[in-house]
Number of protein chains: 2
Amino acid sequence: MTISLTEENYLKAIYTLSRLGDESEVTTNEISKHLKNKAATVTDMLKRLAEKKLINYIPYQGVKLTEKGKRTAIKVVRKHRLWEVFLVDKLNFKWDEVHEIAEQLEHINSDELIQRLDVFLGKPKFDPHGDPIPDANGQLNTIKALPLNQRKSKGNFIFVGVNEHSKSFLQHLTGIGLKIGDSLLIEEINEFDNSFKVKINKTNSQFFSNKVASNILVEIKK
Amino acid sequence: MTISLTEENYLKAIYTLSRLGDESEVTTNEISKHLKNKAATVTDMLKRLAEKKLINYIPYQGVKLTEKGKRTAIKVVRKHRLWEVFLVDKLNFKWDEVHEIAEQLEHINSDELIQRLDVFLGKPKFDPHGDPIPDANGQLNTIKALPLNQRKSKGNFIFVGVNEHSKSFLQHLTGIGLKIGDSLLIEEINEFDNSFKVKINKTNSQFFSNKVASNILVEIKK
DNA sequence: ACTAAAAATTTGTTTAGCCTAATAAAATTT
DNA sequence: AAATTTTATTAGGCTAAACAAATTTTTAGT
Ligand SMILES: [Mn+2]
Ligand SMILES: [Mn+2]
Ligand SMILES: [Mn+2]
Ligand SMILES: [Mn+2]
């Protein structure tokens, strides 16, 4: 049974959306919004995917990936993230330039290719945005990072990933001079607007709005 | 105007077929055979491509690429061959394993990507099968090689490319121990079946059938 | 419990890309 | 020059993937 590029994109969307919330059912409208297709189109595809046993679908009740569907979705995510590492590490693209190209590359179909690419890149565990790369068996490091704005006390953290992948946000961070792996020391938390004053790498102090802070994922520095 | 993956494949087919012969018109049946689609399907597509000014098409008279069509086709060929170099040089695929994957990768759409891939690979001039890689402006080294079986005198040659790209032929050459760049000394030409006895790299003598010799491209050794 | 709003599905079209069968045009043979 | 064969086109139909409009089901508000 072959899975089309479009079907792969639907499976990935369902996977991504189910991870945002509580792992429960994903709704037609969520998928519709995410993929920028009309709800009627989504319903059609849900029937097709259910037919292929890639999702469990009860009309009006939303969908969940089957094991098979989940495996497929994770493989697409794995490819997407490996290619992003390739583009940044080997071709010197910036982290805000790679997503659209990876959206295409993630559909290239060759197990041998993924395997060799993985080795060539040194079996990376995270992509350029800090997102974990599933291994060949579909296992992925659960990330224990939290958004910066949920840290209620001052302290020392490491910037490990982003919640928001838009080009403008990534460029904003680059403008500030913030990169994955940088240390972040919360110096002030302003009560009235929940903005933060943060020192990056012990040198340069910056103000982060709550919006920005909510999209920056940090771990506690050991 | 966007050009679909399928349209790209038709343009590439027309380009390839026109190069085989005398650069003249390509026929519906040739395309049909090459792409393994029915002639009626090809006629449909020819109308679409003509509509888009990618080919000049006169019913019953065959087709020729327009300048625009040719540019597009050459770009696809460039991408195909660059990706093949990547797969062999960087991911250590064998030369008989890369074609199918390159058939997919050649449709990835990003000028910046091709440009950077080209630089990353060291701006290669030839792909793993000895085929010339068009440069960013679509110029390509005309190859002055001839098939081994057209060399009528004994002498010293260099193996620079293949005429036949099938997995089985490439594996056959690998089995013989023949690689691009090897020197070939014609020791004997057998009149009755036009087979050749050839010494590879001054060490190992092999018999080549005329069929094999016709698919091996050589240049005169300077 | 009833009604209005929101969410999802069904119905009917469209386009790209493929097919087979029927027909027309061109080339070849007699 | 006709007849036959080969090549190509037209006509009609199919499926995947999209849409808009109409309808149904579920949820939320009173
Ligand atoms: Mn991405
Ligand atoms: Mn990413
Ligand atoms: Mn190839
Ligand atoms: Mn090649």
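These values consider heavy atoms only, across backbone and side chains, with no hydrogens, waters or symmetry-generated copies.
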- To the nearest Å, how far apart are B:Leu35 CG and C:dC18 C1'? 13 Å
- Using a heavy-atom cut-off of under 4.0 Å over every strand shown, decide if B:Lys38 touches base, sugar-phosphate, or nothing. base
- Could you work out which one of C:dA26, C:dA21, D:dT26 sits closest to the side chain of B:Ala40? C:dA21
- Is C:dT30 paired to anything, Watson-Crick or G-U wobble with both distances less than 3.5 Å, and if yes, which nucleotide? D:dA1
- Using a cut-off of 4.0 Å on non-hydrogen atoms, how would the nucleic acid contact of A:Thr41 be classed: base, sugar-phosphate, or nothing? base
- Message: With a 3.5 Å distance limit and no angle check, can you tell me whether A:Asn210 reaches the backbone of A:Asn194 through a side-chain donor-acceptor pair?
- Response: yes
- Does a side-chain N or O from B:Thr28 land closer than 4.0 Å to OP1 or OP2 of D:dT7, or not? no
- Message: Just checking A:Phe86 against A:Phe93, ring centres under 6.0 Å apart?
- Response: no
- Nearest-Å distance for atom pair CD/C1', residues B:Glu30 and D:dT7: 11 Å
- Message: Does D:dA8 have OP1 or OP2 under 4.0 Å away from a side-chain N or O of B:Asn29?
- Response: yes
- Query: Rounded to whole angstrom units, what separation is found between the OH atom of A:Tyr60 and the P atom of D:dA28?
  - Reply: 16 Å
- Touch class at under 4.0 angstrom, heavy-atom based, for A:Ser4 against every strand present: sugar-phosphate
- Query: Nearest to the side chain of A:Arg48, which nucleotide is it out of C:dA24, C:dG17, D:dA16?
  - Reply: D:dA16
- Over all atoms of both residues, closest heavy-atom pair of A:Pro132 and A:Arg81: O-NH1, 2.7 Å
- Is any NZ, NE, NH1 or NH2 atom of the basic residue among A:Lys123 and A:Asp135 found under 4.0 Å from an Asp or Glu carboxylate oxygen of the other? no
- Length of the CE-P vector between B:Met45 and D:dA8, whole Å: 17 Å
- Query: Under 4.0 angstrom, heavy atoms only, what part of the nucleic acid is A:Lys33 near: base, sugar-phosphate, or nothing?
  - Reply: nothing
- Query: Any chance the rings of B:His99 and B:His129 have centres within less than 6.0 Å?
  - Reply: no
- Query: For C:dT9, does OP1 or OP2 lie under 4.0 Å from any side-chain N or O of A:Tyr57?
  - Reply: yes
- Item | Whole-Å distance separating the CD atom of A:Glu25 from the P atom of C:dA8 | 12 Å
- Query: CG of A:Leu5 versus P of C:dA16: gap in Å, rounded?
  - Reply: 18 Å
- Would you classify B:Asp44 as touching base, sugar-phosphate or nothing, given that sugar-phosphate means primed atoms plus P, OP1 and OP2, and contacts are heavy atoms under 4.0 Å? base
- Note on the structure: By nearest-heavy-atom nucleotide on DNA chain D, the more 5' of A:Ala39 and B:Thr43 is B:Thr43
- Message: Tell me the interatomic distance from A:Leu46, atom CG, to D:dA17, atom P, rounded to whole angstroms.
- Response: 13 Å
- Message: If you only use heavy atoms from C-beta on, which nucleotide in C:dG17, D:dC19, D:dA11 is closest to the side chain of A:Asn37?
- Response: D:dC19
- Task: Ignoring backbone atoms, test whether A:Lys47 places a side-chain nitrogen or oxygen under 4.0 Å from the OP1 or OP2 oxygen of C:dT10.
- Result: yes
